[in-house]
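Just so it is clear, the values below take in all heavy atoms, side chains as well, and ignore hydrogens, waters and symmetry mates. Residue numbers count from 1 along this sequence. Start at 1 and go down the list; that is how both ligands and their atoms are numbered.
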Amino acid sequence: MAVESIEDKDPALNAIHVSIGYDQRLWREDLDNSRAHVTMLGEQEILSSEDVQSIKNGLDQIEEEISDGRFPFRDEYEDIHLNIEQRLTELIGPVGGKLHTGRSRNDQVATDLRLWVMRSTGPLAGALNELIHGLLEAARRELDRGTVLPFYTHLQRAQPVLLAHHLLAHVECFDRDFRRFHDALERVGECPLGAGAGAGSGFPINPHSSAEQLGFDRPCRNSLDAVAARDFVLEMLAALSIHMVHLSRLAEEFILWSSQEFGFVRLSDKVTTGSSIMPQKRNPDGAELARGKAGRVFGHLQAMLTTLKALPLAYNKDLQEDKESLFDSMDTVLLCQRVLIANVKEASFQKDRMRAAVESRTGYANATELADYLADRGMPFRDAHAAVRKLCDEARTENLKLDELPLERFQKIAPIVKEDVYQALTVEAAIAKRAAPMGTAPERVREALEEAEKRWM
Ligand code: ARG
């Protein structure tokens, strides 16, 4: 193969453009790409069936070499495409040089990378599935235990909810992430192979055949776009970034909740680390790193957006930057998913601590219940809100909870208040009352859980 010699190049050029160190990860895709391409060349009678067969045999041999760790990845052949093609010629002779008929590395690399994205969504979705199942299991367990906690706005205690309801909120985020990955595949599924360097092929190729063999939905419609487009990388990076947002929000709750200040969860030694000096410590390092690594994935998205911005058509070597961004993002997400799966598994939720937070002397998590009670009995909600706010302030100075105030104090606001107000102010009543769709009432949560379990069966 007429490859320019690496010796003649400035070492700085070699250092910047040789990509075999990271793009060897595309070897499976590249071999499959070549198999589909050469099959199509045979079908179209562009190559003889003997040539096709010997090229396929050579590709099989290369697959064995790579699988066994015997394949010589060499810098002098720059990238995975040239490394494989060079080896093919070494193995089967000059006929190996016919493989690249009607193909360019420009359509080849775009095809390999799309294929890699298509295939990598499998493990991604598998881990998401496992994470969601972990959350659903925890939700069922905590629903049966009747675990309640305050939900927070502004990180201030707001109102009582079921822990199962809270866990199902995370499930909803991950459900959307799952669908986002799936949606992105719709556009990844267009095959660039056949675009050549960018103008299309001068041979009577059939891009439908190679696209179909590789599992794409259809060929790309425009050869220039086929080699230049990387918005499928952007979409995947964006979906990965959004997923990292959600993973980091879950991670953050493990971190906050396992602090002494909250004490809502205990993480087992399996997912925490000790301190080298403070013997009492149980640090949530895994969750912290999952939170921290979000920045790195967002950075890759930003980097790729910047690389693509204002890049003229069609192929430019800048595009080679797509791979490290994508590979590292995918690896990071897969790792963080595993960490959070383990955290969910190793979490024991502290029912009593959560209950104490709901009922705390200083929290007034049932203030809305009192306002609703008054509004239910005819007082305009705004007036009820103002009166209860005042009452909370008074109770706070007296160091009393709302339900510790004597009935007369309520009746001073409105004579309609009866003894049953105390029942209305209980945690159970507050939760049971939120029975409208979406709400935290036990029967709504049970329905939501069963519906989610069915969806994720
Ligand atoms: N390694 C290159 C990349 O990743 C392959 C395509 C090179 N094409 C070219 N005309 N130099 O983008």
Note to self: In this structure, is the centre-to-centre distance between the rings of Trp257 and His166 below 6.0 Å?
What the structure shows: yes
Next item on the list: For atom 8 (N) of ligand 1, find the nearest protein heavy atom and state the residue, atom name and distance (0.1 Å precision).
Entry: Asn106 OD1, 2.9 Å
Item checked: Which residue and heavy atom of the protein sit nearest atom 2 (C) of ligand 1, plus the separation -> Gln320 OE1, 3.2 Å
Margin query: For Lys323, which part has a heavy atom under 4.0 Å from ligand 1: side chain, backbone, both, or neither?
Written below: side chain
Item checked: Proximal ligand 1 atoms for Ser19, defined as those under 4.0 Å from one of its heavy atoms -> 1 (N)
Note to self: Considering non-hydrogen atoms of the protein only, which is the closest contact for atom 11 (N) of ligand 1, and what is the distance?
What the structure shows: Arg105 NH2, 3.5 Å
Note to self: For the residue pair Arg353 and Phe262, would you count it as a cation-pi contact if the rule is NZ or CZ under 6.0 angstrom from the ring centre and within 45 degrees of the ring axis?
What the structure shows: no
Margin query: Using the rule given for ring-ring contact (aromatic ring centres under 6.0 Å, His included), can you reason through Phe181 versus His243, listing the C-alpha separation, both sets of side-chain angles and the distance that settles it, and then say yes or no?
Written below: CA-CA 9 Å; Phe181 290 128; His243 185 37; 5.8 Å; yes
Next item on the list: Before giving the answer on side chain to side chain contact (heavy atoms under 4.5 Å, CB included), spell out for Ser120 and Trp116 the whole-Å C-alpha distance, their side-chain angles and the decisive distance to 0.1 Å.
Entry: CA-CA 6 Å; Ser120 63; Trp116 188 89; 3.9 Å; yes
Notebook entry, point to check: Taking distance alone, with no angle check, do Lys317 and ligand 1 share an N/O pair under 3.5 Å?
Noted result: no
Item checked: atom 7 (C) of ligand 1 - nearest protein heavy atom and its distance -> Tyr315 OH, 3.5 Å
Item checked: Partner of Thr368 under side-chain hydrogen bond (donor to acceptor under 3.5 Å, both in side chains), chosen from His385, Gln159, Lys433, Arg434 -> Gln159
Note to self: Using a 6.0 Å distance limit plus a 45 degree cone around the ring axis, check whether Arg25 lies over the aromatic ring of Phe327.
What the structure shows: yes
Next item on the list: Please say whether Asp79 places an N or O atom under 3.5 Å from an N or O atom belonging to ligand 1.
Entry: yes
